[in-house]
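Start at 1 and go down the list; that is how both ligands and their atoms are numbered. None of the values given here were measured: they were computed from a predicted structure. These values consider heavy atoms only, across backbone and side chains, with no hydrogens, waters or symmetry-generated copies.
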Amino acid sequence: MIPKFIEHIGIAVENLEESIAYYENVLGLSCYAIEEVKDQKVKTAFFKVGQTKIELLEATSDDSPIAKYIAKKGPGVHHLAFAVDHLEEQLKTIENKGVDLIDKTPRKGAEGLDIAFLHPKSTNGVLTELCENKQQ
Ligand code: ZN
């Protein structure tokens, strides 16, 4: 598998509004989308830096994976997402290489992308997301 580019960097935040203000006022980026992903219990905010996005993630419930992450590790970089083609096939290939998959088949993420996560136990501690944009 060869990732095409870094699709986004996911950052766990405690307060979406305050975090958006930092990216806009300090870094001069502009938030172009805010979206709630109900099945992941998160609210997301997106910024573009060239081709790569920054995805801020705020928990919408105490049992959200983001709430659990922040409770354990504090706010900060949460995951790295690579853009790939043929996600479903890629997952099979990766699983055959002995990698633990959180998602054995793709599911819908923010922005209508098909996504799947690889377990950080198998990726040197970096929660890794693969994304395919079938809308292009
Ligand atoms: Zn993501």
> Closest to the Zn ion (ligand 1), which N/O/S atom of Glu129 is it?
Replying inline: OE1
> In Glu55, which N, O or S atom comes closest to the Zn ion (ligand 1)?
Replying inline: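 Of all N, O or S atoms in Glu55, the Zn ion (ligand 1) lies closest to OE1.
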> If you measure only the distance, is there a donor-acceptor pair under 3.5 Å linking the side chains of Glu129 and His8?
Replying inline: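 Per modelled atom types, Glu129 and His8 side chains form a pair under 3.5 Å.
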> Do Glu17 and Asn15 have side-chain atoms, one donor and one acceptor, less than 3.5 Å apart?
Replying inline: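 No.
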> With a distance cut-off below 6.0 Å to the six-membered ring centre and an angular limit of 45° from the axis, does Lys4 pair with Phe82 as a cation-pi contact?
Replying inline: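 No cation-pi geometry.
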> Got Glu95 and Leu101 here, is their nearest side-chain heavy-atom distance under 4.5 Å?
Replying inline: yes
>> Please identify which of these residues, Ile115, Leu113, Leu130, Leu87, meets the side-chain contact (heavy atoms from CB on, under 4.5 Å) condition with Pro106.
In response: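 Answer after filtering Ile115, Leu113, Leu130, Leu87: Leu87.
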Does [X] bring an N, O or S atom to within less than 2.8 Å of the Zn ion (ligand 1)?
X      : value
His8   : yes
Cys131 : no
Glu7   : no

